[in-house]
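What you are looking at is a predicted structure, and each value in this text was computed from that prediction instead of being measured.
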Amino acid sequence: KLKTVDLLINGAGILDDHQIERTIAVNFAGTVNTTTAILDFWDKRKGGPGGVVANICSVTGFNSIYQVPVYSASKAAALSFTMSIAKLAHITGVTAYSINPGITKTILVHKFNSWLNVEPRVAELLLEHPTQTTLQCAQNFVKAIEANQ
């Protein structure tokens, strides 16, 4: 229905290391599939207009949380994928950003399962660290896009 799309914010994610395949499917494969779909539309080699994709990854892509290695790995994979897509901008006309928030107060951090139950208090321990609100995260996201970083 839309004539054009300028920006894709790709932000689906789950945090439940008991659901290994689902975590990888949503956090990584979902990011790849959605990005691939919009690239097909935007690719300048196919006459597309170009565009901007912003994939929501995580600081865990750089520094994993050992109690949730599946989540951390899925976000690291999404980060690596996004970095690769970003290097193709001169070919495709698509700018790609990874947004890598730290602990953000969402439903994900209130209660979740650690891998193999290695740490039953992982959600509680995580919230002992500095957090940000979803509004703060969004404001920082907009600043990064505006600064082209």
Side-chain angles (χ1 to χ4, degrees), residues 2-110 112-116 118-119 122-123 126 129-149:
L2 297 174
K3 299 288 185 224
T4 184
V5 175
D6 302 316
L7 170 67
L8 167 66
I9 300 173
N10 213 1
I14 63 168
L15 177 52
D16 186 346
D17 269 29
H18 287 188
Q19 298 186 54
I20 295 169
E21 290 82 8
R22 185 167 177 248
T23 297
I24 293 166
V26 172
N27 296 355
F28 177 58
T31 298
V32 171
N33 291 334
T34 308
T35 302
T36 301
I38 200 73
L39 275 169
D40 199 40
F41 172 72
W42 279 341
D43 194 331
K44 287 194 172 189
R45 296 171 301 168
K46 298 178 180 180
V52 178
V53 61
N55 288 330
I56 309 297
C57 299
S58 170
V59 295
T60 63
F62 301 103
N63 187 18
S64 65
I65 299 173
Y66 70 91
Q67 298 97 331
V68 287
V70 176
Y71 173 83
S72 297
S74 70
K75 290 298 188 172
L79 173 62
S80 178
F81 171 77
T82 304
M83 290 167 55
S84 296
I85 297 301
K87 291 179 181 176
L88 297 173
H90 69 284
I91 296 170
T92 63
V94 177
T95 302
Y97 294 101
S98 67
I99 307 302
N100 303 287
I103 303 166
T104 306
K105 294 177 188 172
T106 68
I107 59 171
L108 289 181
V109 297
H110 294 293
F112 57 91
N113 297 311
S114 66
W115 182 71
L116 299 177
V118 295
E119 176 53 73
V122 67
L126 191 62
H129 296 280
T131 61
Q132 65 182 345
T133 67
T134 53
L135 178 60
Q136 290 167 322
C137 183
Q139 289 169 333
N140 289 327
F141 165 70
V142 170
K143 285 179 192 176
I145 293 287
E146 287 175 342
N148 196 28
Q149 296 183 356

What are the two closest non-hydrogen atoms of [X] and [Y], and how far apart are they?
X: Asn55; Y: Val53; answer: OD1-CG2, 3.6 Å
X: Pro49; Y: Lys44; answer: O-CE, 3.6 Å
X: Ile91; Y: Asp43; answer: O-OD1, 4.3 Å
X: Thr104; Y: Gln132; answer: OG1-NE2, 2.9 Å
X: Ala78; Y: Asn27; answer: CB-O, 3.8 Å
X: Cys57; Y: Asn100; answer: CB-OD1, 3.1 Å

How long is the span from the [atom1] atom in [X] to the [atom2] atom in [Y], to the nearest 0.5 Å?
X: Ser74; Y: Ile14; atom1: OG; atom2: CD1; result: 8.0 Å
X: Ile103; Y: Cys137; atom1: CD1; atom2: SG; result: 12.0 Å
X: Leu88; Y: Leu39; atom1: CG; atom2: CG; result: 8.5 Å
X: Thr23; Y: Phe28; atom1: OG1; atom2: CZ; result: 14.0 Å
X: Thr92; Y: Lys46; atom1: OG1; atom2: NZ; result: 10.5 Å
X: Ile38; Y: Asn33; atom1: CD1; atom2: CG; result: 13.5 Å

ask   = For Asn63, does the CG atom have more than 12 heavy-atom neighbours from other residues, nucleotides or ligands under 6.0 Å away?
value = no
Heavy-atom side-chain proximity of Ile65 to Tyr71 below 4.5 angstrom: no
Polar side-chain atom of Trp42 near backbone of Val5 as donor-acceptor pair, under 3.5 Å: yes
